[in-house]
Amino acid sequence: MHRLVAIVCLVCVSLLTASLVLAQEADVSSEQGEAIQETVPGTAPGEGEYRSFLGLDSRVIVWVVAQVHLMFAAFVLGVPMFAVIVEIIGVVSKDDRYDHLAHEFTKLLSAAFSTTAALGGLLAFTLFGLYPRFMGYMSGIFHGSMYVYALLFFAEAFSLYLYYYTWERLRNRKALHISLGVLLNVVGTALMFIANSWLTFMMSPKGVDPATGALISFRDAFANPLWQPINVHRLIANVTFGGFVVGAYAAIRFMNAKTDEQRAHYDWMGYIGNFVAILALIPLPFAGYYLGREIYSVSPVMGNNMMGGAFSWTFIIQAILIGMIFVGANYYLWTGMSRIPGSERYTGYIKYLNVILLLCFAVWLTPHNLPLSSEEQLLMGGQYHPVLKYLGLMSAKNAAVNFIILSTFFSFLLYRRANKSERVPVSEQGRTVKIVVSAVGVLCMALLGAYAYSLLALDPTTLDLAPEKSRYFVLPAVLLIVQIGAIGACAVLTFVNRGIVAQAALFGVTILSVVFILGVYGFVVMTEANPFLRNIAVCQVLLVLSSLVFGSAIDVALFRKAQQVGNIAWGRIPIRSQYTLVLLCVSIVLLMGLMGYIRSGLREDWHVYGVIRDTSQWAFTPTMAYMSKVVALCTVIFLGLVTFVFWLSGLQQKESEPDS
Amino acid sequence: MPRRRMSLFWSVVVACASIYVFLAFVFPYAAMWIAGSENALPVPAALIAIFMALTIVGALIHVSTDDDRLREFLDPVVRLLRGWDRSEGYSTRAVARLAVLTAFPLLVGWVVYGAAAPDTRTPSLLRIQHPTMPGRYENLTNPFADVDEATRAQYIEEGTTLYQVNCRPCHGTKADGAGPMARGLRLKPADFQDAGTIGTVVESYAFWRIKEGGRGLPMAASPWDSAMPAWKDELSDEEIWKIVMAEYAIAGREPRKPESHE
């Protein structure tokens, strides 16, 4: 058996290596080929460049197929990440429940994998069939990486089925089994990165002659400016997506459970799915901001279309959906506290968190450009409300979203400590805890220090700013240095058994700096040194992340070996919490559909922005109503298919274990 | 005599009503005072709807995170629907119940009528702040951008003269949207001193808006009402670029700079 595993692993690694070689070949051949390629087939419009199938709208066909494929792909890429992590936790904690959970996740994965592949094939056929000219051009540029993609797909299929089917056989060789899971993730991520380069090339084409579309450098075309931002964003978003889909699966199973054991299991599964999803959700706004800024960098016009133009109202829908997700995730935690003995000590905080979250969402949902009647316009003397207009600007939004993230993290801390009672003082916990807390603190301080230094050394002319504008860089750098001091002081407080005070102080300093000082200072920078605004956002991200990471380290130290008031009564949770998990899943699917539309729609009437124009009859920018219907259709199809696939995967289990 | 606590249901109703009163009647005067305006500045109806929806969601979250609290909140509703035992002194309550059960459908009917009946008021429009610029303008650059300071000052001065002659009547001497003709326009010219207007677009965007005016806006930007004339027949491209430079200088704003990748 081990030999077989080794052989398959070898095949996967060989495929990976062959893929890399092929990619290199493609780069070389493209560089050799471009010299003789003066006109590129496919860039000039002509007869037969578009087709339709049964008279249907070709764009909608491709849109729906691509979106549903992407949703399945996100699931099959996101779930293995936390399946492996859960398996590792099971090995480390020697708790079999985690192993069963990881196995159950993987079972869902194997069922969804073939559907993903079938949809991928359908997408390729529809693209080549309905948009032959455009796909001719794309395959002319990327055919090398397309072979790599196909080879990697084999590698992913092998590693996935190997990971799933060797679960029992390798029960005593967990290191090998976990390695298979890691291989699955590496291959899956590589697959996604390749596909990402194709779609980001369509938005930010590089390595081609803008006039003729002729390929100049495959490497530049592949690693185009939006490639990395999309990679980062999708990598994190896939985990969130997978977590919420698993959470909804667990919720449905919970509601259909016949025994207390089943309820306890699926309640716990739902909790883990939600936990993983939120963990990934917290950094997602940062990744989204990074992507948004890079879109501005690619094209200020595309950026303006996104946030202030034809797509600006779709961001209000986005804010509603993200609001539902954050509030829903918090609500799930709060209702879940009822099953934790001792939680009544902390439930008093919930109402304050609720108010903070809703106030922040009020800010986030307020558009700069308000929907007004003529009468309101006349009373306000223009399009902008003289006071409320500030809530619509990016500085206010950034402050609000950071406050939401910190509040959500605070909910987690309350949940974590709900059933803990007598703590072991940190000073009595041995050297390891102190070393870990110190190491995390030093890491955070180094990160903050490096960025503070870079701000103080920043040459304003690199941002197209006058030299005297460097004075605007000082305050953010000072706040980073203050945070370094706060982390140092909090570490000391933790070591002298004042960890709770340390956490409160760290939160207080972070909220003051990020929300109240930089939130307001952002307006000043926006007026006086606009290009520096992105650095303000990076400061806010670093301050919040350092607070989350070091706050978590303190929390682990504080409650390590703490006594419990009682065990969590898994399964004894209000049914509305399970509906919340379903709502979270529907919201994230809708959100993914919406964001897919925005990202792709930003090109407007270009197949490849600035290179190949879309001259088809379907090249118009859809209205909000039209877009909503198609996104809703994608959501219904995906949820319907995934329900069917999960039902199929449950058939075998029902036959073999009727009571389970 | 012990103080009687208001029930959770009525606390929620009072809290929601208080927030509505604040948004509809208190905030407009607070905003007037903050902005130094001559008249009250109402919160737009669309925004009140958003804020009230959030308030109701917040209230429902508050009452439903705990089973006992949810029961307490729903108790008056359940009792109202079920009716009271006559031995509890039904007469007053029964009349109140009858009144509520009669008023509720009437209220729903009134709301539906209000939404469906023809109205002379203009609807709220989802206006697009930055309509999509045609591709041919995107890569335009200001031909007077790379000059020495003295030449730049001269161009700005020429642009200012052109601005004062052609643009000032609507956009105002200080580019604050308060020109003498502005009062005659239903949609006021934008205040360019505001950080959220010309400071958020690149120079070629301002060039496009001046050259093509309201008539040159794309269909995707509709519904859009703009009284901005198209200046392409009146002014040369060079003159428009100088006006662009001048309007940024007069408003004290910098055009958005294309950013480099990180």
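Values below: every heavy atom of this structure, side chains too, minus hydrogens, waters and symmetry copies. Within every chain, numbering begins at 1; the chains are lettered A, B, ... in the order of the sequence lines, protein sequences first and strands thereafter. This one's a predicted model, so the numbers in the text were calculated from it and none came from an experiment.
With sequence neighbours excluded, no residue satisfies ring pair (Phe, Tyr, Trp, His ring centres under 6.0 Å) with A:Tyr472.
Here A:His385 is the residue among A:Met526, A:His385, A:Met380 with the most heavy-atom pairs under 4.5 Å with chain B. With respect to chain B, the highest number of heavy-atom pairs below 4.5 Å among A:Ser299, A:Ser312, A:Pro229 belongs to A:Ser299. Heavy-atom pairs under 4.5 Å with chain B were tallied for A:Glu528, A:Glu375, A:Gln228; the largest tally goes to A:Glu375. Of the listed residues (A:Ile350, A:Asp605, A:Leu370), the greatest number of heavy-atom pairs within a distance under 4.5 Å of chain B belongs to A:Leu370. Note: B:Met133 leads B:Arg183, B:Glu254, B:Met133 in heavy-atom pairs under 4.5 Å with chain A. Options A:Thr527, A:Thr335, A:Thr623 differ in how many heavy-atom pairs under 4.5 Å they form with chain B, and the most are formed by A:Thr527.
Here NE2 of A:His368 is found 8.0 Å from OG1 of B:Thr200. Values are rounded to the nearest 0.5 Å. Going from atom CG of A:Leu359 over to atom CG of B:Leu54 covers 9.0 Å, rounded to the nearest 0.5 Å. In this structure, A:Leu333 CG and B:Thr65 OG1 are separated by 12.0 Å, a value rounded to the nearest 0.5 Å. Distance check: A:Gln377 CD to B:Lys188 NZ gives 8.5 Å after rounding to the nearest 0.5 Å. Between atom CG of residue A:Leu358 and atom NE2 of residue B:His62 there is a gap of 12.0 Å, rounded to the nearest 0.5 Å. Distance check, rounded to the nearest 0.5 Å: CH2 of A:Trp364 to CD1 of B:Ile50 gives 14.0 Å.
When heavy atoms are compared at a cutoff of 4.5 Å, A:Val327 approaches chain B solely by way of its side chain, counted from C-beta outward. At a 4.5 Å heavy-atom cutoff, B:Thr55 makes no contact with chain A through either its backbone or its side chain. With a threshold of 4.5 angstrom between heavy atoms, A:Ser338 does not approach chain B through any atom at all. Contacts between B:Phe27 and chain A at a heavy-atom distance below 4.5 Å involve the side chain alone, from C-beta outward. At a 4.5 Å heavy-atom cutoff, the contact between A:Tyr609 and chain B is made by side-chain atoms alone. Of the two parts of A:Thr347, neither the backbone nor the side chain holds a non-hydrogen atom closer than 4.5 Å to a non-hydrogen atom of chain B. Of the atoms belonging to A:Leu378, it is side-chain heavy atoms, and not backbone ones, that fall under 4.5 Å from chain B. In this structure, the portion of B:Ile34 lying under 4.5 Å from any heavy atom of chain A is its side chain and not its backbone. For A:Trp334, the parts lying near chain B are the backbone and the side chain together; criterion is any non-hydrogen pair under 4.5 Å. At a 4.5 Å heavy-atom cutoff, the contact between B:Asp66 and chain A is made by backbone atoms alone.
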(request) Take A:Arg576 and B:Asp67 through the test salt bridge (Lys or Arg N to Asp or Glu O under 4.0 Å) and record every step on the way to the result. (result) CA-CA 10 Å; A:Arg576 54 187 177 276; B:Asp67 279 343; 2.8 Å; yes
Handout entry: Working for side-chain contact (heavy atoms from CB on, under 4.5 Å), residues B:Phe51 and A:Leu365
Key = CA-CA 9 Å; B:Phe51 290 158; A:Leu365 280 173; 5.9 Å; no
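Atom CG of A:Asp459 sits in a crowded spot, with more than 12 heavy atoms from other residues, nucleotides or ligands closer than 6.0 Å. The environment of A:Phe620 atom CZ is dense: over 12 non-hydrogen atoms of other residues, nucleotides or ligands sit within 6.0 angstrom. For A:Lys469, the NZ atom counts as densely surrounded, since its 6.0 Å shell holds more than 12 non-hydrogen atoms of other residues, nucleotides or ligands. Within a 6.0 Å radius of OH in A:Tyr349, no more than 12 heavy atoms belonging to other residues, nucleotides or ligands are found. Counting heavy atoms of neighbouring residues, nucleotides and ligands inside a 6.0 Å radius, atom CZ of B:Phe9 exceeds 12 of them. Heavy atoms from other residues, nucleotides or ligands lying under 6.0 Å from CZ of A:Phe523 number more than 12. The environment of A:Glu468 atom CD is dense: over 12 non-hydrogen atoms of other residues, nucleotides or ligands sit within 6.0 angstrom. Within 6.0 Å of atom CZ in A:Arg572, 12 or fewer heavy atoms from other residues, nucleotides or ligands are found, so the atom counts as exposed in its surroundings.
Of the possible donor and acceptor atoms, none in the side chain of A:Asn305 sits under 3.5 Å from a partner among the backbone N and O of B:Pro131.
Looking only at side-chain heavy atoms (C-beta outward), B:Arg253 and A:Asn530 stay at 4.5 Å or farther from each other. Under the 4.5 Å side-chain criterion, counting only non-hydrogen atoms from C-beta, B:Val57 is not in contact with A:Phe361. Looking only at side-chain heavy atoms (C-beta outward), A:Tyr384 and B:Thr197 come within less than 4.5 Å of each other.
Smallest separation of non-hydrogen atoms from B:Gly58 and A:Asn354: O-ND2, 3.0 Å.
Checking A:Tyr331 against B:Ser64 by side-chain atom types alone, a donor-acceptor pair falls below 3.5 Å.
Identified by a heavy-atom distance below 4.5 Å to chain A, the contributing residues of residues 41-49 of chain B are B:Leu41, B:Pro42, B:Val43, B:Pro44, B:Ala45, B:Ala46, B:Leu47, in residue-number order.
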